[in-house]
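Just so you know, ligand 1 is whichever comes first in the structure, and atom 1 is the first atom listed for that ligand.
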Amino acid sequence: MQQKPSVVMMGLGYIGLPTAALIASKGLQVTGVDISEEVVEIINKGSIHIVEPDLEGLVHNVVKRGTLKATTKPITADVYLIAVPTPFKEDKVPNLSYVQKAIEAIVPVLEKGALIILESTSPIGTTEWMQKLVYEYRPELKDNIYLAYCPERVLPGNVIYELKTNDRAIGGINPESTEKAIEFYRYFVTGTLYETNAKTAEMVKIVENASRDNQIAFANELSIICDKVGVNVWEMIELANKHPRVNILQPGTGVGGHCIAVDPWFIITNNPEESKLMQASRERNLYKTEWVVEKIKNEALAFEIRHKRKPIVAAMGLAFKPNIDDMRESPALYVAEQLKNANIDLLEVEPNLNNGKRNGTIHYKDAIQKADIIVFLVAHKVFKNLDIPKEKIVLDYCGVTKI
Ligand code: SAJ
């Protein structure tokens, strides 16, 4: 029987850690590498530093079994996976320095026949750039190592399940690399593995998120038009979606998280003339959040004029999307901050937060009692079917109270 390949995972964050743990659970020997000593220490104790359902138990098991070990330096392995951040600077230019550092850490221990796979969202051409970088440091390895790009496409909150079951697009710098990478993913993915080339796979990842951004922008634009003409946007979309070929997404407070609001820039920055629609979608979604802030401020002002006192406003939900506690790039959090900056008396509610993650948040039932204006910013499950006294003003920007 063929021996299972040894694996090094560079980056133990939201994608790297679950992927490393899943691979280790299939009996492959995985060395997880992270620049943070603290993260390494936490993982080696069988614990985790991020919030993701089912992850802690999985990490605990594979660490105990000895198939996952965390460290700050890579060792020689058959397969190197790179899942490090590719953040943006202010000017929206992707920052490949973490990928570069990962490659520089790997090259001294690389051996002939190794396979390097990049999973981080990256500009088109990054895998070829990685290849050049490796050969610059180790010219003798030219044509003797394999490189491929295979984007993750898992949904935060459902990562473990989707890592196993999602189909994947896998693109090598040559057909041999693609074939090697596909063989590797077969160890832990049950979804279909589609062969392509590196550039296509890189673009697929960005386009998936850009496409969702575009579709949400359409829904958000509809919500602004509906508000002006006096139509209930939620009812209207529900009815339009009864058409067999129409599937409009849901409008909201804006687009948050670290993927959809960011990834379109990976294309826009290098192709500004050709990506006008993507830019417009991005701008539309950003504008939606500002529009929500203005609507709430206007309502508060109207209340003050009517009642000769400032209202108390409840911000219901701070996370970037329903039923999670993640507040990164959250439009709801942005709205709350803007309202506070405008000296509005604000009660913050985020039922998914563990104690201590944000000071001053209160229970949603208390907020409903105390507030004059109740603003729904995130459609958390617990906000459905709440009993809200008739005299309260309700502003719903996420459809949780629906029709
Ligand atoms: N949103 C809306 N209306 C909708 C759907 C979403 O306003 O109808 C908002 C959400 O509230 C949130 C934002 O969009 O603020 C993004 O949420 P999401 O659930 O659409 O996506 P993410 O950011 O959690 O994960 C996305 C996923 N990509 C796609 O669905 C195309 C996921 O599969 C990717 O793996 C992930 O980005 C990533 O890492 O790139």
Side-chain angles (χ1 to χ4, degrees), residues 11 13-19 50-53 83-88 94 119-122 150-163 165-169 191 201-224 233-234 237-238 240-241 246-267 278 281-282 284-289 291-292 316-335 352 376-381 383 396-400 402:
Y14 280 86
I15 299 302
L17 180 57
T19 310
I50 51 181
V51 179
E52 178 60 42
V84 295
T86 44
F88 277 88
E119 289 210 356
S120 315
T121 307
S122 303
C150 178
E152 59 76 22
R153 42 164 63 137
V154 292
L155 200 68
N158 198 23
V159 167
I160 303 296
Y161 173 77
E162 291 205 3
L163 268 179
T165 57
N166 283 357
D167 296 342
R168 298 188 76 141
E202 287 160 352
M203 188 158 173
V204 162
K205 169 66 196 179
I206 307 167
V207 164
E208 286 168 1
N209 282 349
S211 134
R212 196 154 166 89
D213 198 38
N214 173 265
Q215 288 167 27
I216 299 170
F218 183 65
N220 278 333
E221 184 161 288
L222 292 178
S223 70
I224 295 172
V233 68
W234 316 102
I237 289 177
E238 200 176 325
N241 283 348
V246 173
N247 188 12
I248 303 169
L249 292 184
Q250 299 295 297
T253 308
V255 171
H258 31 283
C259 306
I260 295 183
V262 174
D263 292 4
W265 295 109
F266 282 88
I267 287 185
M278 288 188 195
S281 302
R282 249 331 30 253
R284 215 65 194 130
N285 284 330
L286 287 169
Y287 172 70
K288 178 65 194 288
T289 311
W291 182 85
V292 169
M316 305 289 279
L318 299 173
F320 90 80
K321 67 175 189 176
N323 310 319
I324 58 168
D325 71 338
D326 193 339
M327 296 194 292
R328 288 176 299 170
E329 321 295 331
S330 166
L333 187 64
Y334 175 84
V335 169
N352 297 294
F376 287 98
L377 297 170
V378 189
H380 291 314
K381 267 188 270 177
F383 293 161
D396 181 358
Y397 296 108
C398 55
V400 74
K402 286 273 163 83

Contact residues of ligand 1 (heavy atom under 4.0 Å), by chain and number: E152, R153, V154, L155, P156, K205, E208, N209, R212, I216, L249, Q250, G254, V255, G256, C259, I260, D263, F320, K321
Heavy-atom pair of closest approach, residues N158 and E52: N-OE2, 3.2 Å
Residues in salt bridge (charged side-chain N to carboxylate O under 4.0 Å, His left out) with K288, at least two apart? none
Any donor-acceptor pair under 3.5 Å linking the side chain of K205 with the backbone of R153? no
Using the test side-chain contact (heavy atoms from CB on, under 4.5 Å), find all partners of V400 that sit at least two apart in sequence or belong to another chain. F376, A379, F383, K384, D396, C398
Within the structure provided, determine whether T19 and L163 are in side-chain contact (heavy-atom separation under 4.5 Å). yes
With P87, which residues qualify under side-chain contact (heavy atoms from CB on, under 4.5 Å), at least two apart? P85, N95, Y98
